[in-house]
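Let me begin by presenting the structure, written as structure tokens, before commenting on it.
Throughout, residue positions are numbered sequentially from 1 according to the sequence presented.
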Amino acid sequence: QPSRWFLRMTCELTAQPATPAVPAGVRIVPFTPDRSADARQVHDEAFRDHWGMSDSSEQGWEHFIGISAFRSQYSFLAYEGNTPLSLVIGHEYDSYTKATGRRDLFVPSVCTKRSGRGRGLAAALLATVLRAAWADGFVASTLDVDADSPTGAGRIYERAGYTVRDRFVTVVKELIGERPGAS
């Protein structure tokens, strides 16, 4: 049965993206290994109210930021004082670039903790990553978003210049039969 719809959105980088509007008292910093625990904390807390999400294990997080597509130079955190509030992660898939001849920065995660929502942090991080990608020769950026995101993320991405390219659905199949160990 269809369970949840998602949107694939793309932002063509035909011109230099706008300068990020960083809220007062907030600083945007590059992702570095010593900030990995902060990034995981933001990610887990931000997605707790999202469909199908759960906190990441240490091993799962290390895999997420350890894959060859992960690009620390296109991953940023927003802090207020010493408190991490928001995160954007960038991936580049070399096989996609080779097959298409286009550098497309995939953004698998844009997230803001509840305490930082509604302040423009995600927009500031997206502007930061899009400017960095454009400066390094990327021609587009792509991301996926839950069509029913409880934070209205799709609207944030549209304001950042992303448009819907595709729609896809997650399906659920109920398995019928004996469960292992059931008597």
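Residues Phe70 and Val42 share a hydrophobic cluster, clusters being chains of Ile/Leu/Val/Met/Phe/Trp/Tyr side chains in contact below 4.5 Å.
The heavy-atom pair separating Phe31 from Ala39 by the smallest distance is CE1-CB, 3.6 Å. The heavy-atom pair separating Pro30 from Phe76 by the smallest distance is CA-CD2, 3.7 Å.
Checked against side-chain contact (heavy atoms from CB on, under 4.5 Å), Ser141 has the following partners two or more places apart in sequence or in another chain: Leu105, Val107, Leu130, Tyr162. Qualifying side-chain contact (heavy atoms from CB on, under 4.5 Å) partners for Glu12, counting only residues two or more places apart in sequence or in other chains: Thr10, Thr14, Arg102, Ala140. Arg8 is linked by a salt bridge (charged side-chain N to carboxylate O under 4.0 Å, His left out) to Asp144, counting only residues two or more places apart in sequence or in another chain. Thr163 is linked by a side chain to side chain donor-acceptor pair (under 3.5 Å) to nothing, counting only residues two or more places apart in sequence or in another chain. Residues satisfying the salt bridge (charged side-chain N to carboxylate O under 4.0 Å, His left out) criterion with Asp94, sequence neighbours excluded, are Arg71. With sequence neighbours left out, Thr32 forms a side-chain contact (heavy atoms from CB on, under 4.5 Å) with Asp34, Arg35.
Atom CZ of Arg131 is separated from atom CG of Leu13 by 11.5 Å, given to the nearest 0.5 angstrom. Separation of atoms CD (Glu92) and OG (Ser68) is listed at 10.5 Å; rounding is to 0.5 Å. The CG atom of Leu125 sits 11.0 Å away from atom CD1 of Ile156, with the distance rounded to the nearest 0.5 Å. The line from NE2 of His43 to OG of Ser36 is 11.5 Å long, rounded to the nearest 0.5 Å. Arg167 contributes atom CZ, which lies 9.5 Å from atom CE of Met9 (distance to the nearest 0.5 angstrom).
For residues 87-124, the ring-ring contact (aromatic ring centres under 6.0 Å, His included) pairs, not counting sequence neighbours, are Phe64-His91, His91-Tyr93. The salt bridge (charged side-chain N to carboxylate O under 4.0 Å, His left out) contacts involving residues 13-28 comprise nothing, where partners must be two or more places apart or lie in separate chains. Listed by first and then second residue, the ring-ring contact (aromatic ring centres under 6.0 Å, His included) pairs involving residues 118-145 are Tyr74-Phe138 (not counting sequence neighbours).
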Side-chain atoms of residues 78-88: list all donor-acceptor pairs with protein atoms under 3.5 Å, sequence neighbours left out, distances to 0.1 Å.
| from | atom 1 | to | atom 2 | distance (Å) |
| --- | --- | --- | --- | --- |
| Tyr79 | OH | Asp38 | OD2 | 2.5 |
| Glu80 | OE1 | Arg119 | NH1 | 3.4 |
| Glu80 | OE2 | Arg119 | NH2 | 2.7 |
| Ser86 | OG | Cys111 | O | 2.9 |
| Ser86 | OG | Thr112 | OG1 | 2.7 |

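Between Arg117 and Arg114 there is a side-chain heavy-atom pair separated by less than 4.5 Å. Taking 4.5 Å as the limit, every side-chain heavy atom of Gln1 sits out of range of all side-chain heavy atoms of Glu174.
Heavy-atom contacts from other residues, nucleotides or ligands closer than 6.0 Å to CD of Gln16 number more than 12.
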